[in-house]
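Count residues from 1 along the sequence. Side chains included, hydrogens not; waters and symmetry mates left out as well; all remaining heavy atoms used. Both counts, for ligands and for their atoms, begin at 1 and track the order of listing.
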Amino acid sequence: MSDKSAEIVQAAAKHHEKVILPSVESWESSTEFPRDAASAAARDGLLGLYCPPDQGGQGLSFAEGIPVFEELAKGGGLYAFSLSMHNIVTYAICGFASPALRAHWAPRLTAGASLGGFVLTEPQSGSDAARLRTFAEIGDDGSYTINGRKAWVSLAGVADVYLVVVKTSNEPGHKDIAMVAVPKETAGIRFGEPYQKLVSPFLPIADMFLEDVRVPADHVILPPGKGMSGALMAIDIARTSIAAGCCGLMSAALDTALSYARDRQLFGQSGLDAQGIQWMLTDVETDLVASRLLYERAAGLLGTPQGAVAAAHAKRFAPDAAVRATGTCMQLLGGYGLLALYSLERMYRTAPVMKVVDGTTEIQRVVIARALQKRAAELAPLPIPGTTV
Ligand SMILES: Cc1cc2nc3c(=O)[nH]c(=O)nc-3n(C[C@H](O)[C@H](O)[C@H](O)COP(=O)(O)OP(=O)(O)OC[C@H]3O[C@@H](n4cnc5c(N)ncnc54)[C@H](O)[C@@H]3O)c2cc1C
């Protein structure tokens, strides 16, 4: 780990200890997003990880910045997810927005005065994202007038600027897809009621309705033809960050289980001396180590031709491992594992969410399978019984 990475991970650990841990239980019983915590995250340098210092950011590579989400998710998986999404939006604005748009938003986003949201999914298009219907008509002056309905918008109504992925023609496929920055105050935007979901009501997720929403030409982040590849790059960063977050969940669950088992007397010995319990804990530790290696490798490959598949491996493995780990650790506390006191039941409810957000486990298999098909196409034929070669 570089010095820069060690420093930011330490800042994230401090944020976890001082800001997340003391408040996470009260967040979990609230429908208010903790904006003050996000402001504290900005003061801790956690809201402009991948933006250059002259725009208020930290100027980190993905490999240096993504381990932050392991630390943050130890206390709150969906809080970490929301800050990860904000960082990706901020990176896109710092790197790809017009000078005027960047000058307006970059300092606000890196300072935590504003938050960013990413808006791709629609009711009929989740995994099959290119089937989106939200349509932007491009005016002679280059302005975009957007109509449509989005779904699963995280930080709905809380974020101040949304990167919205739109179609710009009636042609099938993704060659006309663009990405546009839409400030929350723009006329014609409305959010639905927040979804009632398994965990973390403090993170509002809702539909977004866009009715004749007009933004000027300088709000285009990626023009038609580049929108889908840009969205996929954003998703690769998000997948890797989620795998890091899963490591945070596993690590926190394992520490709780280790500490409890050490002190719990079972049949005249410490729980930690029972071999059956040791084996359960060793499996959690192996899953954690493997997941960490996968996300660190992916973080180093993001932006290269191997990045998408590496991110898919990490996102395919780590959430399943987190589901197993949080379940095992909860079981290791017996009845006490079910109590809110130890937070394991919350981690256990958070882990399955990680299997869905930013591409399901099954979709990661689809990505990996496509890479395997390409590899198969390059292999020399083998004699197969009953066929001629
Ligand atoms: C907590 C949370 C926050 C989110 N935040 C955002 C956000 O901020 N912005 C945003 O744009 N989106 C967001 N999403 C949406 C998320 O990206 C989608 O839910 C996800 O991509 C899956 O889409 P879907 O829910 O429509 O499921 P579908 O695509 O309808 O899939 C249904 C099932 O079919 C499986 N499946 C689909 N295709 C295949 C296949 N080819 N082979 C095998 N199985 C398949 C899936 O794995 C899944 O099990 C969020 C989701 C969650 C849960």
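Comment: D218 does not engage R102 in a salt bridge, judged by the lack of any side-chain N to carboxylate O separation of less than 4.0 angstrom. Taking a cutoff of 4.0 Å between a charged side-chain nitrogen and a carboxylate oxygen, D207 and K150 do not qualify as a salt bridge.
Of the options E137, R133, E211, a side-chain contact (heavy atoms from CB on, under 4.5 Å) to N147 is made by E211 and by none of the others.
Within the 4.0 Å heavy-atom criterion, the part of M85 lying near ligand 1 is the side chain and not the backbone. Of the heavy atoms in I205, only side-chain atoms (C-beta onward) come closer than 4.0 Å to ligand 1. Under 4.0 angstrom from ligand 1, the non-hydrogen atoms of V353 all belong to its side chain.
At the shortest separation from atom 17 (O) of ligand 1 among protein heavy atoms lies D358 N, 3.5 Å. If you check which protein heavy atom lies closest to atom 53 (C) of ligand 1, you get W152 CZ3, 3.6 Å. Annotation: atom 9 (N) of ligand 1 to nearest protein heavy atom, F118 O, 2.8 Å. Among protein heavy atoms, atom 10 (C) of ligand 1 sits closest to T121 OG1, 3.3 Å. With hydrogens left out, the protein atom closest to atom 31 (O) of ligand 1 is S127 OG, 3.6 Å, a heavy atom.
Taking a distance limit of 4.0 Å, we find that atom 13 (C) of ligand 1 is approached by some protein heavy atom. There is no protein heavy atom less than 4.0 angstrom from atom 25 (O) of ligand 1. For atom 44 (N) of ligand 1, the nearest protein heavy atom is under 4.0 Å away. Closer than 4.0 Å to atom 37 (C) of ligand 1 lies at least one heavy atom of the protein.
No side-chain donor from either of Q265 and S270 sits under 3.5 Å from a side-chain acceptor of the other. Side-chain contact of H15 with Y79: a donor-acceptor pair under 3.5 Å is present, judged by distance alone. Checked by atom type, the side-chain pair E122/T134 shows a donor-acceptor distance below 3.5 Å. Counting only N and O atoms by type, the side chains of Y50 and E64 include no donor and acceptor under 3.5 Å apart.
Aromatic ring orientation, Y162 versus F191: tilted (interplanar angle from 30° to 60°).
You'll find the side chain of V309 reaches within 4.5 Å of the side chain of H313, heavy atoms only. Taking the side chain as every heavy atom from C-beta outward, F33 and L115 approach each other to under 4.5 Å. Within the 4.5 Å cutoff, side-chain heavy atoms of L46 are placed close to those of L72.
Here is the list of ligand 1 atoms found below 4.0 Å of a heavy atom in T360: 22 (C), 46 (C), 47 (O). In the vicinity of S154, heavy-atom distances shorter than 4.0 Å reach the ligand 1 atoms 3 (C), 4 (C), 5 (N), 6 (C), 7 (C), 8 (O). Those atoms of ligand 1 that come under 4.0 Å of a heavy atom in I363, given as number and element, are 38 (N), 39 (C). Residue contact check: E362 has heavy atoms under 4.0 Å from atoms 43 (C), 44 (N), 46 (C), 47 (O), 49 (O) of ligand 1. Those atoms of ligand 1 that come under 4.0 Å of a heavy atom in V356, given as number and element, are 19 (O), 20 (C), 53 (C).
For ligand 1, none of its N or O atoms has an N or O atom of V366 under 3.5 Å away. In terms of polar-atom proximity, L120 is counted as a contact of ligand 1, with an N or O under 3.5 Å from an N or O of the ligand.
A cation-pi arrangement, defined by a distance under 6.0 Å to the six-membered ring centre and an angle within 45 degrees of its axis, is absent between R149 and F209.
Distances from atom 21 (O) of ligand 1 to the heavy atoms of A231, A369, G126 put G126 nearest.
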